[in-house]
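The model shown is predicted, which means the values in this text are computed figures rather than measured ones. Chain identifiers are assigned alphabetically (A, B, ...) following the order of the sequence lines, protein sequences preceding nucleic acid strands; residue numbering begins at 1 within each chain.
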Amino acid sequence: MIFNKRTHTCGELNTGNIGESVTLNGWIAKRRDLGGLLFIDLRDRYGLTQLKINPDKKDIYETALSLGNEFVISATGKVIKRESINKNIPTGEIEIDVDILQILNESEITPFVVEEEIKATEELRLQYRYLDLRRKQMTDNLVMRNEVYQIVHQYYYKQNFIEVETPVLMKSTPEGARDYLVPSRVHKGKFYALPQSPQTYKQLLMVSGLDRYVQICKCFRDEDLRADRQPEFTQIDVEMSFVDQEDIFRISEGLYREIWKKILNYDLPETFNRITYDEAMNTYGIDKPDFRIKDIMKITDITDTVRNVDFKVYQESISDGGIVAAVNLSREKCLLKGEVTRKIIDNYTELVKKLGLGGLGYVKYNTDGQIQSPLSKFLGEDIMINIKNILEAKEGDTVFIASGKKSVVLSALGQLRLKIAEENNLLDDKKFEFVWITDFPLFHWEEEDKCFVGEHHLFTMPKPEYLHLLDSKDKDEIESIRANCYDLVLNGNEIGSGSIRINVSDIQKKVFSIVGLSDDEANEKFGFLLKAFKFGAPPHGGVAFGFDRIISILKGIKSIREVIAFPKTVSASSLMDECPSKVTDVQLNELGLRIKEEK
RNA sequence: GGAGUCGUAGUUCAGUUUGGUUAGAACGCCUGACUGUCACUCAGGAGGUCGCGAGUUCGAGUCUCGUCGAUUCCGCCA
């Protein structure tokens, strides 16, 4: 097709171009037909420009009347100053007085109107993703995503990192997330797995002496989805040799400072906050605390304060090894507007009950000095004042008290703080609080299977002071082992995770043995890695960051689907191309597979 | 695997509480009028498998059960 190619985009013309003859190519966003005069908003990725069609030019006018939304056209004409200016768009002071109008392609009526204030459901938007992506908001998300790619590549390149591609077809290992499997045609009955992360490869690259590795790569996990979890997602994968935790933090913090400066012109601190896993759990009841609210409603253990109180519920919790803990809903710090009413408290009670608590006690310290609490006859005034002092509560504050199993109490109070923070608009999405969570446990006890499993992965180095406990047979001692393992948390979202790795086979063997992996099993699963480690594995460690989450947070968007060009639904299917889909018997035969009939 | 919410015109929704006339509105679409609009305006029109399948009932968009899809959360995701 011969057509007039654009001389400019739809976003760049302004009063400086007045008098020039230009050609624009784009999609029809809107037509306004005034009977004589006809205006067209022409859209491309860069913006909108108004075309003016004069009825005196008969041919053009006739063509223009036949145009529908989303037709692709080429328009040539002179840039002129508008008679009435539209201040809402950058090109709002000019328009094109069209002399040549070509239809490059027609469009059927679209299933939804392509407009910024989109009305269509997400389902329909996903089905016609290519139309949804015509919207500026969606294009902008991808544009920002691209800018961050470039910053990441350049940042690491300048610091001497080498970007290496690792295989997408790899060995399946049953640990961790469920693998996506790919059947082998050549080796019938055998399977590749898509990487949950390039973990083993990047460690092998350290053995190879690559020293500093980075890759922006796709990872795959066949687990149930969430707003911030897709079956395939993108990760900034990093590994370094001859480093400790501090080196990894320094390099990573530099990356985020650069991204936030360049993208948002936002200055992040020279070093990020840090908190140990145990502190995070004990103070915030969650391993990804939102540091925008780090000073409100900290969880305080008051088990000792109420130890001798004659209240059956507390006594039972304490004698079962549980705790009693409290948070102070501070009128001042939480910017409360109204009273903490019975209805609000009932609402909170309902929340914590869902999370496994029996109920939620409270003590209200009223502004008139009165203390109001359903627990007052059990606690007595002295203890209620004691609690007030410990929690640093003031008149007008309400202290919530929970009791029970430690993990349940902490988690429920943690969720309660988040709910209250949300209700009172304490979570400003223009504010960015990074925090490293350090010293994760090396193992956790899996009650269901009665065994230990690695908290991070099995190559995570224990902290030196805990190494001797690898020989322990005591469950509590083993659980107490802390690792050189860390997460990066931003505004309550886990955006990265990493560790210093084990590079000494003696330690590695002990770790395998604690999770019940025999030498033979370990060899079968990770033999290639263990063998490699026999040939001089340098001390090394790394980290991986969730790229999609970073972009969604930069954009202030909850769901990572909005920042992925072609995402999947929560049931892991793609509505546009309808995958997954059936394959032919011929394909199955070639792979030596047969589909099991569902009963 | 479990819990919640949603599914009605091309689209977004109202109607479902308390079953009962011809299922409404806005946007979009079609026709006509309109020479400075930018959410153009005005007049008219077309457009419905009430997600699907059973059941209850004289009668179901509305009640019950099942099922499918979307979404949020729990489990799960080192």
Side-chain angles (χ1 to χ4, degrees), chain A residues 29-42 48-56 61 65 68-70 80-89 91-93 95 97 107-128 131 173-179 196-197 199-200 219-231 233 287 350-351 354-356 411 415 418-419 440-444 446 448 452-460 483 485 487 494 497-499 511 515 544 546 558-559 561 567-573 575 578:
Chain A
K30 190 89 184 175
R31 238 180 30 155
R32 287 177 297 277
D33 181 355
L34 273 59
L37 264 184
L38 179 57
F39 295 104
I40 291 169
D41 288 340
L42 195 65
L48 277 183
T49 300
Q50 178 165 281
L51 308 179
K52 175 193 166 191
I53 312 288
N54 197 315
D56 300 341
Y61 187 67
L65 284 178
N69 282 343
E70 305 307 325
I80 58 173
K81 189 166 172 61
R82 287 201 197 185
E83 284 184 21
S84 51
I85 287 166
N86 181 354
K87 286 179 182 151
N88 299 322
I89 56 173
T91 62
E93 290 192 52
E95 64 195 355
D97 188 11
S107 170
E108 287 185 13
I109 312 267
T110 51
F112 56 84
V113 183
V114 179
E115 57 193 343
E116 287 312 301
E117 296 297 318
I118 188 75
K119 294 194 192 83
T121 56
E122 190 173 9
E123 191 172 357
L124 198 68
R125 291 171 51 211
L126 285 171
Q127 207 175 333
Y128 296 91
L131 293 180
T173 53
E175 276 76 27
R178 197 175 293 112
D179 280 328
Q196 298 171 25
S197 86
Q199 185 60 39
T200 49
C219 301
F220 306 84
R221 293 178 190 175
D222 188 2
E223 296 292 345
D224 288 351
L225 309 182
R226 290 286 191 284
D228 64 351
R229 271 164 33 190
Q230 282 275 299
F233 60 99
D287 63 356
E350 200 182 322
L351 171 81
K354 272 186 202 153
L355 297 168
S411 156
Q415 293 300 316
L418 284 176
K419 184 185 169 79
F440 270 78
L442 187 58
F443 305 103
H444 72 262
E446 196 72 57
E448 231 171 86
F452 278 108
V453 296
E455 176 76 29
H456 188 57
H457 58 60
L458 295 176
F459 314 113
T460 303
C485 180
D487 277 2
E494 183 202 317
S497 186
S499 65
V511 169
V515 299
K558 283 251 162 22
S559 162
R561 291 187 297 270
K568 298 197 172 38
T569 67
V570 282
S571 62
S573 50
L575 298 179
E578 295 178 318

Using a 3.5 Å distance criterion without hydrogens, assess whether the side chain of A/T91 forms a donor-acceptor pair with backbone atoms of A/L48. yes
OP1 or OP2 of B/A70 versus the side-chain N and O atoms of A/S571: is any pair under 4.0 Å? yes
Give me the distances for all protein-to-nucleotides 1-5 of chain B N/O pairs that come in under 3.5 Å?
{"from": "B/G1", "atom 1": "O6", "to": "A/D224", "atom 2": "OD2", "distance (Å)": "3.3"}

With a 3.5 angstrom cut-off on both distances, give the Watson-Crick or G-U wobble partner of B/C29, or none if there isn't one. B/G45
Looking across every strand, which nucleic acid part, if any, lies under 4.0 Å from A/S573 by heavy atom: base, sugar-phosphate, or nothing? sugar-phosphate
Who are the ring pair (Phe, Tyr, Trp, His ring centres under 6.0 Å) partners of A/H456, not counting sequence neighbours? none
Before giving the answer on salt bridge (charged side-chain N to carboxylate O under 4.0 Å, His left out), spell out for A/R229 and A/D224 the whole-Å C-alpha distance, their side-chain angles and the decisive distance to 0.1 Å. CA-CA 8 Å; A/R229 271 164 33 190; A/D224 288 351; over 6 Å; no
Please tell me if A/T121 has a side-chain N or O lying less than 4.0 Å from either OP1 or OP2 of B/G69. no
Among B/U72, B/A70, B/C77, which nucleotide sits nearest the side chain of A/R561? B/U72
List for me each residue that meets salt bridge (charged side-chain N to carboxylate O under 4.0 Å, His left out) alongside A/R82, sequence neighbours excluded, and say none if there are none. none
Residues two or more places apart in sequence or in another chain: which of them pass salt bridge (charged side-chain N to carboxylate O under 4.0 Å, His left out) with A/R125? A/D132, A/E562
Classify the side chain of A/R229 and the base of B/C77 as holding, or not holding, a donor-acceptor pair under 3.5 Å. yes
pair_partner(B/G66), Watson-Crick or wobble, both distances < 3.5 Å, evaluates to B/C52
Just to verify, what does A/F459 make a ring pair (Phe, Tyr, Trp, His ring centres under 6.0 Å) with, not counting sequence neighbours? A/H457, A/F526
B/S/- along nucleotides 27-37 of chain B (protein heavy atoms under 4.0 Å) is SSS----BBBB
